[in-house]
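Structure first, then comments.
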Number of protein chains: 2
Amino acid sequence: MYFLKNAGSAVSWHHEFGGLFGRDKIVPTVLEAMDIIEHLAAIPLFSGLSREDLDDLVPVVQYKTYQRGERIFAEGDEGTGFYVVISGRVKVYKLSFEGKEQILHMFEPGAPFGEAPVFAGKAFPANAEALEESVLLYFSRNAFIERINKNPSLSLNMLAILSERLHTFTRLIEDLSLKETPGRLAAYLLYLSERQGALDNLELGISKTQLASILGTIPETLSRIFSKMTKQGLIDSDGHGRFRILNRLMLERLAAGEVRFSQSGSHTEE
Amino acid sequence: MYFLKNAGSAVSWHHEFGGLFGRDKIVPTVLEAMDIIEHLAAIPLFSGLSREDLDDLVPVVQYKTYQRGERIFAEGDEGTGFYVVISGRVKVYKLSFEGKEQILHMFEPGAPFGEAPVFAGKAFPANAEALEESVLLYFSRNAFIERINKNPSLSLNMLAILSERLHTFTRLIEDLSLKETPGRLAAYLLYLSERQGALDNLELGISKTQLASILGTIPETLSRIFSKMTKQGLIDSDGHGRFRILNRLMLERLAAGEVRFSQSGSHTEE
DNA sequence: CCGTTCTTTTGACTTAAGTCAAGGACAAAG
DNA sequence: CTTTGTCCTTGACTTAAGTCAAAAGAACGG
């Protein structure tokens, strides 16, 4: 589903960065260069690149670190480069005039973001903010385009990533336009359970407020739907962000829009 | 805005194709090859390519013609290639379980569509249908990827197009999630008036039913909003798809979400 | 010209979801 | 242990927008 961008790499991402490189350090030391290469090699965007190709990228990247809640870029900022998450988590979102937030994407280690303006030559169309302390790699526009010119496999990787993202946006549009909120929540829960592999157990990993913003609704509405799903025996919660799917079939029918929530359910009415 | 994809080319696209090439013709004759090249040269995706590069593309393309209402591909079909509109018009859309339609994009001559599955290696995530008799150029996946490998400028063009499309999807998501229907209509009208250049006069060019599907609503709702806008003196209509903007400022404020429709307007109440 | 069909409009009604307000749970900070 | 702030929940209410039904217009083919 569209909700999270996971690198899917088994490589241990969570090194300690403490103090090794400061924010916006430009000239890498030899030690850092080795570190950078290790990071680059584990980024799907660079899969299939030779060791020399990676070496070639080292001088054009910078580490940047952001605190929880710190903004990375704002809508309208000029897109002079893009980022890859090394550690931490980043949300990309839009705000309405009244302040309602719609999360477009959450990015986890290994995932690039902010690339579109690099190729379209436009400003960032949305805002980005670190959800926790995060280390990012920054690639400046011009240097990266140069590398793409020389490396077809790099451009094909990038095309694949943008295509994949278009696909997730398509699903988000479909959900917002054609499904009701309970269906979107059901889809999200099923997606999480699949992604986490742990059969019918799953963990949100984010606050319900954030989840509401991902699903295109507000916390109050989400809360009501959660309690209704629980009452109807579709899911069960430990009260700490962990859930168990009790009626997968019904969740799937909800997610597909086959059933309306008000009518559906195992009628535990009294 | 996100609504229409226009090539922006001044080249006369509307040749007569009558009988010259049948559907799915594969081996081009010399005459057709010249014709193909002429078409290719006017497609933004191929801008900046040398004459030889274009020649090189000729053997991998096919013309296909579709009647009004004919389906080009369906959600779930394998994406073995992509299309470029030569003449006519194509909509790409999603359907809900109950049959409600959301148009993701309308494509006009010069615009490519269906490319994402080519690079992501997935099935088409939506349906495509010709809105009128249309001639398309079909590029098969493998042959095109080969060309990309050899031609960085081609891949950069494609990256720009995908990035641009991501941008339009971002706006669509924003609109669906953060704006109300009157705001979306206002934005669409402003977009049309800008695109058509004719100051405050504009022409829909599509049925209101289609427009409803673009805006993520249904014809009844759209109709009510149109009549309300007219009553409030924001717009004026000739009843045949042509409109005049009477209060641009208010439309802009509606589109930005600064004002709610129910409260706004030049209070022509009685 | 007439009947069929599609599009658009309008009215009466229902419903999903947002707003506003209050209170409870929980965690971090003093 | 109390205070403070954030997150979550719940209730009462409002509102935007969808449903259903009917009818008027416009478009099309014979």
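These numbers come from the heavy atoms of this one structure, side chains and all, not from hydrogens, waters or symmetry mates. The sequence lines fix the lettering, A, B, ..., with proteins before strands; numbering per chain opens at 1.
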Does [X] have a side-chain nitrogen or oxygen under 4.0 Å from the phosphate oxygens OP1 or OP2 of [N]?
| X | N | value |
| --- | --- | --- |
| B/Ser207 | C/dC6 | no |
| A/Arg260 | C/dA16 | yes |
| A/Thr221 | C/dA17 | no |
| A/Ser227 | D/dT9 | no |
| B/Thr181 | D/dA17 | yes |
| B/Lys100 | D/dT19 | no |

Please determine, for the side chain of A/Glu180, which listed nucleotide (D/dG18, C/dA17, C/dT8) has the closest atom?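 Of the options given, the side chain of A/Glu180 lies nearest C/dA17.
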From the options C/dG18, D/dT9, C/dA17, select the nucleotide whose nearest atom is closest to the side chain of A/Ile218.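 The listed nucleotide nearest to A/Ile218's side chain is C/dG18.
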Take the angle between the ring planes of A/Phe73 and A/Phe124 and call it parallel below 30°, perpendicular above 60°, tilted in between.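 The arrangement is parallel - the two ring planes meet at less than 30°.
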Parallel under 30°, tilted from 30 to 60°, perpendicular over 60°: which one fits the rings of B/His39 and B/Tyr63?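 It falls in the perpendicular class, over 60°.
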Rounded to the nearest angstrom, tell me the gap between atom [atom1] in [X] and atom [atom2] in [N].
| X | N | atom1 | atom2 | value |
| --- | --- | --- | --- | --- |
| B/Asp238 | D/dG25 | CG | P | 17 Å |
| B/Lys179 | D/dA16 | NZ | P | 17 Å |
| A/Ile206 | D/dC7 | CD1 | P | 13 Å |
| B/Leu204 | D/dA26 | CG | P | 16 Å |
| B/Phe243 | C/dT8 | CZ | C1' | 11 Å |
| B/Arg68 | C/dC6 | CZ | P | 10 Å |
| A/Arg224 | D/dC7 | CZ | P | 18 Å |
| A/Glu220 | D/dT14 | CD | P | 17 Å |

Quick check on the 6.0 Å ring-centre criterion: do A/Phe243 and A/Phe226 meet it?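 Yes - the distance between ring centres of A/Phe243 and A/Phe226 falls below the 6.0 Å cut-off.
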N/O donor-acceptor pair under 3.5 Å between A/Lys179 side chain and A/Ala255 backbone: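 Side chain of A/Lys179 to backbone of A/Ala255, a donor-acceptor pair under 3.5 Å: yes, one is there.
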Any donor-acceptor N or O pair under 3.5 Å, side chains B/Arg184, B/Thr217: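 The criterion, which ignores hydrogens and geometry beyond distance, is not satisfied for B/Thr217 and B/Arg184.
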Mapping B/Leu222 and A/Gly216 onto DNA chain C by nearest heavy atom, which one lands closer to the 5' end?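 Whichever sits nearer the 5' end wins; that is B/Leu222.
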